[in-house]
Amino acid sequence: MNLERLGEENFETYGEYVSLVFEGKEYTNRDQHRAATRLANALRGLGVGVGDRVVVMLPNCPEVPQSYAAILKLGAVVVPVIFLLGPEEVRHILVDSEAKVVITSTDMVWKVEPLIGALPTLSHVVLVDGEGSTTLGLAELVKGQPDTFGIVERADGDLAVILYTSGTTGKIKGVALSHGNLHSNARSAASLHELSREDWSLAVLPLSHSYGLTVMNAGNILGTRGVLLRWFNPEEVLTTIQKFRIRSMSCVPTMLVYLLNYPGAEQFDTSSMIYWGSGAAPLPLEIVEPFEKKFGGRILEGYGLTEATTVVSAHRLSMERRLGSVGKPIPGVEVKILDDQDRELPAGAVGEICVRGPNVMQGYYRMPEETQKTLTNGRLHTGDVGRLDGDGYLYIVERKKDLIIRGGFNIYPREVEEVLYAHPKVAEAGVVGMPDPLMGEDVLAFVVVKAGQEANAEEIMAFCAEKLARFKCPKQVRFVESLPKSPIGKILRKELRKLSEGDHHG
């Protein structure tokens with residue numbers, strides 16, 4: 001079935017209600033539905049048809065879900081692009097996807113403008129907030145368009161979305177997700193929801209990320225209400241929680257760290273919060289207790305990846321929370337821990353996390369070899385190392401590629417990072433391997449010190465020596481102003497490794 005049926009069912013099930021608040025303005029589900037219908041008619045007028053790719057490159061705003069819904073109604077394919085990507089990456093995505101139309105805004109169109117007329121497939125660029133000599137304005141485009149549109153039927157296996165992910169290896173790959181992938185993941189995510197429909201949630205993750213897509217689709221199923229922020233800003237987050245008595249928010253660990261270290265955070269009333277969903281990167285356990293004490297609510301960690309349409313495992317409110325765990329696999333999804341020969345390992349043993357279920361991607365867009373490497377024996381090989389306990393809770397140990405092997409001993413960067421986060425002066429930390437002539441690799445720690453504090457390498461190393469086996473302790477500590485992060489705030493070890501290699505050779 002076409003994923004956009006969820007939008008129609010939402011209206012049939014719940015009637016009209018305020019589903020979204022953005023920058024002080026309320027939008028009902030009917031407003032959003034009508035805007036999407038008019039845009040679908042307009043896009044059809046621009047020649048967009050079944051299977052055509054349309055890029056949506058916008059910061060969070062109501063036009064993002066409107067655009068997604070419009071594109072899906074047509075049976076076309078959504079290509080969400082995180083607006084923080086550089087022009088080279090944007091160019092790669094436009095060329096690779098052969099996108100016909102780009103929907104963007106005046107402050108980002110510079111990344112696309114040089115390609116208008118240069119790419120044979122790109123026929124139109126639509127701006128949601130104005131128009132230019134080579135672009136179309138959204139307001140003008142949808143003016144006079146009808147409020148009705150017959151959804152183009154799609155099969156579960158038909159392509160719905162291509163999400164480009166740089167992953168840990170660097171080359172941007174397009175993850176091809178079908179209507180069935182997104183639909184099943186949204187239903188499973190919705191089934192974990194245990195709050196009332198009346199409760200407000202806060203949406204601050206980029207809607208252009210797979211996580212944002214799932215939250216949006218699940219919202220259609222549940223009929224929930226959300227306040228949308230253009231992007232993450234600690235003060236705005238705290239103000240919004242206080243004003244709307246927000247109950248839940250999905251975020252990445254970096255956001256929690258920023259909130260925890262935000263000066264004056266205690267002046268805000270966050271007592272309405274029931275839970276903070278954390279995903280996309282490992283949660284530093286050392287921040288959980290101080291964070292919950294300061295802001296209330298519980299941090300519930302989950303795990304997912306774009307190749308599995310986002311959610312693989314999660315904690316739900318009503319189940320026991322096991323700190324350090326990312327919860328249990330969501331309904332319909334099977335997780336196994338396999339060794340290098342693809343043999344299943346017993347509970348407690350560490351190996352590669354492999355996933356099977358209706359949420360597993362079709363493959364990497366037009367990359368059959370890459371697809372074959374990742375989807376083998378009917379399972380998605382995630383490249384993440386982890387273990388399952390006897391009760392089926394999943395624990396992430398590390399990315400395979402991030403493992404440090406020092407003199408034959410395995411060192412998991414995350415274990416060292418946990419100790420660094422426990423140091424009273426440390427705000428953020430990232431650990432990578434650096435080349436070592438004797439040991440092959442050794443441990444290098446990058447540290448961001450809390451505002452107003454001073455620290456030296458010796459005290460950090462001494463602190464680690466009290467808590468870690470000697471071979472796991474950082475050989476070097478480097479202090480930096482900030483750590484390199486992905487557009488959604490994931491600390492990029494790949495970039496840290498480049499820094500370590502550059503210094504080593506230089």
Side-chain angles (χ1 to χ4, degrees), residues 7 18-29 31-33 35-36 39 54-72 78-85 89-90 93 102-109 111-112 126-130 138-139 161 163-165 182 186 189 200-220 222 224-241 243-244 246-252 254-256 258-259 276-280 306 310 485-490:
V18 175
S19 58
L20 185 67
V21 172
F22 178 72
E23 295 185 346
K25 191 175 170 202
E26 294 188 344
Y27 297 80
T28 68
N29 54 345
D31 296 333
Q32 288 292 83
H33 185 261
L39 180 54
V54 179
V55 162
V56 180
M57 180 170 64
L58 291 167
N60 285 351
C61 58
E63 288 83 2
V64 178
Q66 290 167 17
S67 300
Y68 290 172
I71 297 161
L72 291 168
V78 182
V79 183
V81 175
I82 293 189
F83 66 92
L84 295 159
L85 292 186
E89 293 166 297
V90 172
I93 291 170
V102 174
I103 300 173
T104 186
S105 59
T106 43
D107 51 351
M108 289 169 205
V109 72
K111 298 176 193 180
V112 183
V126 178
L127 300 182
V128 299
D129 58 350
L138 178 71
V161 174
L163 277 161
Y164 282 85
T165 163
L182 286 143
W200 285 97
S201 66
L202 181 56
V204 9
L205 286 165
L207 294 176
S208 48
H209 184 255
S210 54
Y211 202 35
L213 266 164
T214 293
V215 169
M216 186 178 82
N217 291 327
N220 266 336
L222 294 161
T224 44
R225 319 195 288 176
V227 181
L228 181 66
L229 298 188
R230 199 172 279 268
W231 37 62
F232 175 80
N233 165 317
E235 179 145 349
E236 213 181 330
V237 165
L238 295 167
T239 308
T240 307
I241 290 173
K243 182 179 172 187
F244 285 88
I246 299 285
R247 296 289 197 175
S248 64
M249 165 176 151
S250 296
C251 48
V252 296
T254 304
M255 294 173 181
L256 300 174
Y258 282 160
L259 287 169
W276 314 76
S278 177
T306 307
T310 330
K485 297 188 180 79
S486 77
I488 61 158
K490 200 190 283 198

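Source: prediction; values computed, not measured.
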Problem set entry | Matching residue for Val161 among Leu213, Thr306, Val79 - test: side chain to side chain contact (heavy atoms under 4.5 Å, CB included) | Leu213

Exercise. If you round to the nearest 0.5 Å, how far is CG of Asn29 from CG of Asn220?
Worked result: 8.5 Å

For this session: Determine yes or no for a side-chain-to-main-chain donor-acceptor pair under 3.5 angstrom, with Ser248 supplying the side chain and Ser201 the backbone.
Result: no

Problem set entry | Minimum heavy-atom distance between Pro59 and Val64, given as atom pair plus value | O-CG2, 3.5 Å

Exercise. Under 4.5 Å between any side-chain heavy atoms of Pro487 and His209, yes or no?
Worked result: no

Exercise. Going from OG1 on Thr104 to CD on Glu63, what distance comes out if it is rounded to the nearest 0.5 angstrom?
Worked result: 11.5 Å

For this session: Nearest 0.5 Å please: distance from the CD atom of Glu26 over to the CG atom of Leu20.
Result: 10.0 Å

For this session: For the pair Glu89 and Val81, evaluate side chain to side chain contact (heavy atoms under 4.5 Å, CB included) and give the outcome as yes or no after the intermediate values.
Result: CA-CA 10 Å; Glu89 293 166 297; Val81 175; over 6 Å; no

Exercise. Gln66 and Leu39: which non-hydrogen atoms are nearest, and at how many Å?
Worked result: O-CD2, 4.3 Å

Seminar exercise, completed: Nearest heavy-atom approach of Val252 to Ala280 is CG1-CB, 3.6 Å

Exercise. Atom OG1 in Thr310, atom CG in Asn217: separation rounded to 0.5 Å?
Worked result: 9.0 Å

Exercise. After noting the C-alpha distance and the side-chain angles of Trp200 and Val21, does the key distance pass the side chain to side chain contact (heavy atoms under 4.5 Å, CB included) rule?
Worked result: CA-CA 10 Å; Trp200 285 97; Val21 172; 3.7 Å; yes

Exercise. Do Asp129 and Thr106 have a side chain donor and acceptor closer than 3.5 Å?
Worked result: yes

For this session: Please list, chain by chain and in numerical order, all residues satisfying side chain to side chain contact (heavy atoms under 4.5 Å, CB included) with Pro65, sequence neighbours excluded.
Result: Gln32, Leu207, Met216

For this session: Taking atom NZ of Lys485 as the centre, report whether more than 12 heavy atoms of other residues, nucleotides or ligands fall under 6.0 Å from it.
Result: yes

For this session: With rounding to the nearest 0.5 Å, note down the distance linking CG in Asp107 to CG in Leu58.
Result: 9.0 Å

For this session: Could you please spell out the steps behind the side chain to side chain contact (heavy atoms under 4.5 Å, CB included) verdict for Cys251 and Val204?
Result: CA-CA 7 Å; Cys251 48; Val204 9; 5.9 Å; no

Problem set entry | Euclidean distance, Ser208 OG relative to Tyr68 OH, rounded to 0.5 Å | 5.5 Å

Problem set entry | Qualifying residues under side-chain hydrogen bond (donor to acceptor under 3.5 Å, both in side chains), relative to Ser67, sequence neighbours excluded | none

Under 3.5 Å donor-acceptor pairs involving side-chain atoms of residues 227-236, not counting sequence neighbours:
residue : atom : partner : partner atom : Å
Arg230  : NE   : Glu23   : OE2          : 2.9
Arg230  : NH2  : Glu23   : OE1          : 3.3
Asn233  : OD1  : Glu235  : N            : 2.9
Asn233  : OD1  : Glu236  : N            : 3.0
Glu235  : OE1  : Tyr262  : OH           : 2.4

Exercise. Just wondering, do Leu85 and Tyr164 contact through their side chains at under 4.5 Å, heavy atoms?
Worked result: no

Problem set entry | Lys111 side-chain N/O to Phe83 backbone N/O, donor-acceptor pair under 3.5 Å | yes

